[in-house]
Amino acid sequence: MEKTRILIVDDDDDLRSQMRWALAADYEVFLAGDRASSMDVLAREMPTVVMLDLGLPPATGDSREGLLALDEMLKSDPQLKIIVITGQSEKNNALAAIAQGAYDFFSKPIDIGILKTVVERAIHVSRLERENRELLNCTQLQSFEGMVGSSPQMQKVFDSVRKLSQTDAPVLVMGESGTGKELAARAIHRLSERRDGPFVPINCGAIPEHLLESELFGHEKGSFTGAHIQRQGRIEAAQGGTLFLDEIGELSPSLQVKLLRFLQERQIERVGGRKTIQVDARVISATNADLCQAMADGKFREDLYYRIGVVVIAMPPLRDRQGDIPLLAKMLLQRLTSEQKRPFGFDRRAIAAMEMHRWAGNVREMENKLRRAVIMADGNQITAADLELEGERAPCEGMGLTTAREAVERDLIERALARNKGNLTRCAQELKISRPTLYELIERLGIVR
């Protein structure tokens, strides 16, 4: 494994040798005695950490040359972690260097234990920042209108959203709670010709039935107790834009009839009113309920179903999105890191635990667990315990040995294929098996590549 590179810049030969001796076992150490030679080493070796004495020649008696070196180094590499070395009486110089962009400082005479701790911390922070930058770049490449995913299931959703944004057809978005149904609806709206119009959401299951009719259709003054003024409803407010009806399966039979009339005639009447109002609004609906079963049970109108579901988008649950769990987790953690102004990363067991978890609440559950973890974590590494995923029951418990082994093999191979974009050579290397063995397992387990 390649060692992390460190540059020590000091005009004192003995001090340079002392620090090199202390760090050489763990790091690849380079030395420089002045500003010019340090910049040459920096350009050639690209170290992660620099230890910089501010008293450099030709002005060893003050900090001017050292601060100039600090400025040039940060201009050359803004991500560089520079640790300033000062004398006991030069704290003001150290603070000036921190204000200029130095990572940390320590004073002479050097304590080797403190030196190693400061260097380890600087390398750890540098690694977290690099991972966050890589994640941000990766997320930008694999995100679409606020939705993130590289899995085939999400790529299919993205393709459907692109196509539907070019039409005005009613859309029904189906999926479990927390799968991003509203995100898909907003994406269709933003990409459509109605993007300059309003996007008006309403959760049909969150409003009491006796208030929902007024909320949807509006009401006239005096139409019922408490109706002191005329009020426009959500349908009317979506004029020229998109109406998003979340949890549409919760609508009462009477409201289903009224909504069906609007969808057929593009007209509404406010509660207590007689005036017909024309409304030009696209309707996107969403549900986590089984509407086919609801129709069979007589709880949802079949004619309404076919009106709202001219096209259906199925949002996949997180547990079925091959390869997306680490990507989503790191993206969400990067967002929380920005909010907390504190760098975080995952240890390997945390990633493994997240891939094993079933995520009944999907992306919303993951976000809640991560938000709790960054608050409760003792350090900068998020663990399975921080996520409350430690010691979960393995999904294969209760199976026979042969069935469990096949389930584990299938899961590991599918995840490896997803991570490596179907590249069998890299997949076999990761799984530590030969390509012929991998071919044989894929065929025997019926895995779709």
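This is a predicted model, so every value here is computed, not measured. In this chain, residues are counted from 1 in sequence order.
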To the nearest 0.5 Å, what is the distance between [atom1] on [X] and [atom2] on [Y]?
X	Y	atom1	atom2	answer
L336	Q334	CG	CD	9.5 Å
E247	N288	CD	CG	4.0 Å
L191	Q166	CG	CD	7.5 Å
K258	L216	NZ	CG	10.0 Å
E28	L23	CD	CG	13.0 Å
R358	L318	CZ	CG	10.0 Å

Quick one: does [X]'s side chain get under 4.5 Å of [Y]'s, heavy atoms only?
X	Y	answer
I447	E414	yes
L328	K330	no
E388	K369	yes
I123	V119	yes

When you compare the side chains of [X] and [Y], does any donor N or O come within less than 3.5 Å of an acceptor on the partner?
X	Y	answer
D297	Q293	yes
T86	N93	no
E213	H219	no
R349	T383	no

**OP:** Measure up the F244 and F199 rings against each other and bin them: parallel (under 30°), tilted (30 to 60°), perpendicular (over 60°).
**Re:**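 Correct class here is parallel.
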Salt-bridge criterion met for [X] and [Y] (N-O under 4.0 Å):
X	Y	answer
K275	E269	no
R301	D303	yes
R371	E367	yes
E215	R231	yes
D111	K116	no
R372	D386	no

Got a sec: does the [atom1] of [X] have more than 12 other heavy atoms crowding it under 6.0 Å?
X	atom1	value
E209	CD	no
Q278	CD	yes
D378	CG	no
E440	CD	no
E193	CD	no

Subject >> Option among K156, K163, Q155, R162 that satisfies the side-chain hydrogen bond (donor to acceptor under 3.5 Å, both in side chains) test with D159 >> reply: K163
**OP:** Test D196 against R190 for salt bridge (Lys or Arg N to Asp or Glu O under 4.0 Å), laying out the working first.
**Re:** CA-CA 8 Å; D196 294 328; R190 280 195 299 268; over 6 Å; no
**OP:** Kindly determine whether R319 and E176 satisfy salt bridge (Lys or Arg N to Asp or Glu O under 4.0 Å), including the steps that lead there.
**Re:** CA-CA 11 Å; R319 60 185 170 275; E176 296 176 7; 2.5 Å; yes
**OP:** Over all heavy atoms of both residues, which pair between I413 and L431 is shortest? Give the atoms and the distance, please.
**Re:**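 For I413 and L431, the tightest heavy-atom pair comes out as CG1-CD1, 3.9 Å.
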Original post:
Which atom pair, heavy atoms only, marks the closest approach of V173 to A184?
Top reply: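 Closest approach of V173 to A184: CG1-CB, 4.5 Å.
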**OP:** Look at the side chain of D168 and the backbone N and O of R282, then say whether any donor-acceptor pair between them is shorter than 3.5 Å.
**Re:**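 Such a contact is absent between D168 side chain and R282 backbone.
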Original post:
Is it the case that R266 places NZ or CZ above or below the six-membered ring of F262, under 6.0 angstrom from the centre and within 45 degrees of the axis?
Top reply: yes
Original post:
Of L212, L260, L304, I248, which meets side-chain contact (heavy atoms from CB on, under 4.5 Å) against L255?
Top reply: L212
